[in-house]
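Computed from a predicted model, the values in this text were never measured in an experiment. All heavy atoms count here, side chains included; hydrogens, waters and symmetry mates do not.
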Amino acid sequence: MTLRVGVIGTGAIGQDHIRRITNTLSGAKIVAVADVNVEHAHAVVKNEKIDANIYGNGHDLIQAAEVDAVLVTAWGPAHEEFVVASIKAGKPVFCEKPLAPTADACLRIVEAEVTHGKQLVQVGYMRRYDEGYRALKKVVDSGKIGEPLMVHCAHRAPSVSNFSGDMAITDAFVHEIDVLRWLLNDDYVTAQVILPRNTRLAGKGLQDPHIVLLETKKGIRIDTEIFVNCQYGYDIQCQIVGETGTANLPEPSSVLLRSEAKLSTEILTDWKERFIESYDVELQEWIHSTVKGEMNGPSAWDGYVQAVTADACVKAKQTGQIVPISLPDRPAFYDKNQFYEF
Ligand code: NAI
Ligand code: NAD
Ligand code: ISE
């Protein structure tokens, strides 16, 4: 069976996902696209040479008979209405991160899914599908470095033209929030944010970098530098310090170059390239499991936990305080795929 997918939001990542489903992956085809900017949707369909119906409204796409499953790649504030409408229509929905910009909105999605009674939502946290993170998780789970005690991370991007407010936390750091709780099989209990000297290269009124300190239920301490105008590259670092050793996220493979009296390796500059294989694996697994009627990836509950944690980080930044993070009990509905082992 070929999964017939409708895409809502034909911006940067929407186009990327359309391309990978059309040209790289198997088992699915794009049959419909929608964007608030309809001309843009027309241009994407034309440029990508796909045979897809174009809708001016995401809700019409969700209701369309030719659409089996929905891919939401609109900007964050539009996610909730489309995810909830997909659930109500009984259609599987892959939603790009963040599931929604606020914890309340994520909780409404969780409630809609639990009420519907079948898991239909997957959130686009692709780092769980990254070969490097999966290798790191294997090492941690094997006990080779003993119990994890501390984690040191960095999330660096060369520059971000579209960031405002606290998006360094709510748009970029959310990837660490998700992947670290998966990696450690743990949840967070407190957040603290330290603001270093500001770079002169941040946008007007924006803080950059940030240091975020998270504490987990097991007492693991995580420090992350988020530096989204670092200029030199898109550089994701993660080191786990355990009782008997340390484990580092592997660097992306790169040619070791001896030239012009230098020994060097390239540093990637674009997030699309850094995690290109993870996006492919993530969507391929989503296609396969959706066709089988299963849902195995990051769930709406994971999206909710990420949003609660991000809210606490933003509050910690605003107040300078250590902010407690409290979550309601996870509905049993989500037990099956909690930290699903790949
Ligand atoms: P974008 O701004 O390039 O594209 C968003 C598109 O959605 C635009 O074409 C816009 O017109 C459309 N749109 C917005 N509201 C809409 C609505 N109500 N109905 C229909 N279309 C609507 O944004 P980008 O960078 O593609 O990001 C989209 C989503 O993907 C965001 O949630 C972002 O966080 C996520 N993302 C995830 C990444 C990842 O690594 N997983 C990387 C980049 C983005
Ligand atoms: P973008 O601005 O390039 O594209 C967003 C698109 O959505 C635009 O074309 C816009 O017109 C459209 N849109 C907005 N509201 C809409 C609506 N109500 N109905 C239909 N279309 C609507 O943004 P982007 O960079 O593609 O990011 C989109 C989403 O993907 C965001 O949630 C972002 O966080 C996420 N994202 C995830 C990753 C990742 O690594 N997983 C990377 C980039 C972006
Ligand atoms: C973007 O929205 C993403 O999700 C990328 O993966 C992230 O690392 C980048 O900094 C964000 O802008």
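- Between the side chain of K218 and the backbone N or O of L184, at least one donor-acceptor pair lies under 3.5 Å.
- Contacts of H175 classified as ring pair (Phe, Tyr, Trp, His ring centres under 6.0 Å), with partners at least two apart in sequence or in another chain: Y125.
- Using modelled atom types, one side-chain atom of K137 and one backbone atom of W182 make a donor-acceptor pair closer than 3.5 Å.
- With hydrogens and angles disregarded, no donor-acceptor distance shorter than 3.5 Å links the side chain of E294 to the backbone of S289.
- Grouping Ile, Leu, Val, Met, Phe, Trp and Tyr by side-chain contacts under 4.5 Å, direct or through others, puts V241 with L149, M150.
- With sequence neighbours excluded, no residue satisfies salt bridge (Lys or Arg N to Asp or Glu O under 4.0 Å) with E96.
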Contacts table for residues 80-90: side-chain donor-acceptor under 3.5 angstrom, sequence neighbours left out:
| residue | atom | partner | partner atom | Å |
| --- | --- | --- | --- | --- |
| E80 | OE1 | R108 | NH2 | 3.2 |
| E80 | OE2 | R108 | NE | 2.6 |
| E80 | OE2 | R108 | NH2 | 3.4 |
| E81 | OE1 | H59 | NE2 | 2.6 |
| S86 | OG | F82 | O | 2.8 |

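- Using a 4.5 Å cut-off between side-chain heavy atoms of Ile, Leu, Val, Met, Phe, Trp and Tyr, I322 forms no hydrophobic cluster with any other residue.
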Indicate every side-chain donor-acceptor pair of residues 191-201 with a distance under 3.5 Å to a residue at least two apart or in another chain.
| residue | atom | partner | partner atom | Å |
| --- | --- | --- | --- | --- |
| N198 | OD1 | D208 | N | 2.6 |
| N198 | ND2 | L206 | O | 3.0 |
| T199 | OG1 | L201 | N | 3.0 |

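- For D223, the side-chain hydrogen bond (donor to acceptor under 3.5 Å, both in side chains) criterion is met by H152, not counting sequence neighbours.
- The residues R181 and D302 are annotated as salt-bridged, a charged nitrogen and a carboxylate oxygen being separated by less than 4.0 angstrom.
- Ion pairing of R330 with D187 is absent here, as no side-chain N (NZ or NE/NH1/NH2) approaches a carboxylate O to less than 4.0 Å.
- Pairs of residues two or more places apart, or lying in two chains, that qualify as side-chain hydrogen bond (donor to acceptor under 3.5 Å, both in side chains) and include a residue from residues 261-278 are D130-S278.
- With sequence neighbours excluded, the residues that form a salt bridge (Lys or Arg N to Asp or Glu O under 4.0 Å) with D16 are R19, R20.
- Residues passing the salt bridge (Lys or Arg N to Asp or Glu O under 4.0 Å) test with K91, sequence neighbours excluded: none.
- Side chain of Q284 to backbone of S26: a donor-acceptor contact under 3.5 angstrom is found.
- Taking 4.0 Å as the cut-off between side-chain N and carboxylate O, D186 and K217 do not count as a salt-bridged pair.
- The backbone N or O of I8 lies less than 3.5 Å from a partner atom in the side chain of T73, making a donor-acceptor pair.
- Applying the 4.5 Å side-chain rule to ILVMFWY residues, one finds that L268 remains a lone member of its cluster.
- Salt-bridge annotation for R127 and E176: present, with a side-chain N of the basic residue lying under 4.0 Å from a carboxylate O of the acidic one.
- Counting only distance, with no hydrogens or angles, the side chain of D68 and the backbone of L3 share no donor-acceptor pair below 3.5 Å.
- Annotation: side-chain hydrogen bond (donor to acceptor under 3.5 Å, both in side chains) contacts of Q237 (sequence neighbours excluded): D235, E251.
- Listed for the H40 side chain is a donor-acceptor partner under 3.5 Å among the backbone atoms of T10.
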